[in-house]
A.B. asks: 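One structure is given below, represented as structure tokens, and several questions about it will come after.
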Amino acid sequence: MTAIDETHDPQRESWVASANRHSEFPIQNLPFGVFSPPGGGPRGGVAIGDMIFDLRGALESGLFSGEAEKAAQAAAGTALNPLMDLGAGPRIALRKQVSALLAADGADRAKIEGLALRLLHRADQCTMHLPATIGEFTDFFAGIHHARNGGRRRDPNNPLNPNYKYVPVAYHSRASSVRPSNVPTRRPNGQRKAPNEAEPTYGPCQKLDYELELAVWIGPGNTQGEPIPISRAAEHIVGLGLVNDWSARDVQGWESQPLGPFLGKNFGSTVSPWIITAEALAPFRVAQPARPEGDPRPLPYLWDDADQHEGAFDIALEAFILTEGLRAKGLPPHRMSASNTTDLYWTLAQLVAHHTSGGCNLRAGDLFGSGTISGPTRDGYGSLMELSEDGQRATTLESGETRTFLENGDEAIFRAHCHKPGFVSIGFGECRGRIV
Ligand code: CA
């Protein structure tokens with residue numbers, strides 16, 4: 001697993017003043033993304049405080065050497081797939097050199113500060129893009145509380161299917177409709193039929209929902225026919241983000257019998273634009289919570305002692321909505337839930353190992369969704385389907401509005417933060433999207 005090194009040093013501060021004590025992007029984070037500065041085209045960058053550090057510009061200025069230079073070349077284009085394909089070695093070398101360049105006590109401070117005007121861009125003046133050209137998007141179902149809440153409606157006594165504790169269940173979702181934060185999502189039309197209706201109808205989705213999920217960015221792939229063993233799975237994960245798997249519940253409910261989600265999910269998904277690297281997340285690894293007494297032990301291809309010991313993450317998650325009514329009154333987004341990635345029943349390495357166990361080949365830039373991450377109680381439910389009990393129970397907002405599902409103009413906003421004593425807290429930046 002990834003080592004703790006000087007880039008995690010809690011004493012390290014940046015000469016980019018806004019980075020110090022920044023809730024998302026202090027110098028200990030250094031996530032990778034693709035951005036366009038004002039008047040410029042897309043290129044790789046690193047978030048630092050309220051600014052973005054231009055990797056292409058830094059490369060052209062000759063600021064990198066060795067493996068880091070190789071990684072910066074791979075990150076200089078319009079998508080980070082080449083960087084993701086390089087694996088951890090060059091990526092870590094680049095992280096170390098970027099950290100040294102931006103450090104307040106860095107040896108190159110004078111040199112880089114002179115270039116700062118060209119290499120640093122105010123984030124609020126830049127456009128963020130998808131960090132990678134996403135080849136495939138697989139959405140798992142690893143949040144056990146969400147799985148149980150969904151299944152309870154089908155069978156209150158046996159909410160989990162018999163395979164759930166053996167198989168990290170997933171479906172192949174749609175990569176073409178994944179967009180970065182702040183690109184609006186159009187309310188889909190679809191075919192639906194409620195149980196009390198005689199015939200299906202086609203029209204605007206009436207039960208539009210969000211799903212709070214972890215995004216897993218895949219790095220180096222595997223050869224078709226050659227599974228990734230669980231002990232090597234972490235080497236294939238570049239980093240994490242947040243994904244909103246927008247869901248048309250009425251469409252999903254009617255169409256999913258028996259093959260699962262299709263048009264109920266494929267009209268759009270929103271991802272946060274920054275890849276929080278495995279390196280940045282190293283201090284926040286924790287043991288996978290022990291399975292409840294009586295649950296089966298995973299089959300051997302899904303079991304690894306080291307993965308169980310440090311393969312989970314302690315990432316605090318929050319979901320908010322911002323409505324027209326809240327906006328009009330100048331009120332902040334309403335927090336709908338708070339949960340944690342330790343609520344996942346499977347580790348990310350188990351997802352990678354299972355995905356490839358039949359020989360399926362992953363490729364750099366593939367995206368996994370973890371599945372909705374709900375906490376065990378209502379204040380942790382990561383979708384409106386669960387919070388509203390399928391529309392039966394409304395949430396009242398500070399504006400006086402009520403919500404069961406999303407209305408046009410509503411924004412879903414997800415945030416994630418990692419805290420640990422002795423380390424500087426980091427954030428993921430927002431996953432944000434509006435329904436129009
Ligand atoms: Ca989902």
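In listed order, ligands and their atoms are each counted from 1.
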A.B. asks: Closer than 4.0 angstrom, basic N to acidic O: yes or no for D390 and R153?
C.D. replies: yes
A.B. asks: Below 4.0 angstrom, N of the basic side chain to O of the carboxylate: do R285 and E310 qualify?
C.D. replies: no
A.B. asks: Between the Ca ion (ligand 1) and E213, which N, O or S atom of the residue is the nearest one?
C.D. replies: OE2
A.B. asks: Check all N, O or S atoms of D139 and name the one closest to the Ca ion (ligand 1).
C.D. replies: OD2
A.B. asks: Restricting to N, O or S atoms, which atom of D245 is closest to the Ca ion (ligand 1)?
C.D. replies: OD2
A.B. asks: Is it true that R249 and E211 have a side-chain N and a carboxylate O under 4.0 angstrom from each other?
C.D. replies: yes
A.B. asks: Only N/O/S atoms count here: what is the atom of E211 closest to the Ca ion (ligand 1) called?
C.D. replies: OE1
A.B. asks: I'd like to know whether the aromatic ring centres of Y381 and H145 sit less than 6.0 Å apart in this structure.
C.D. replies: no
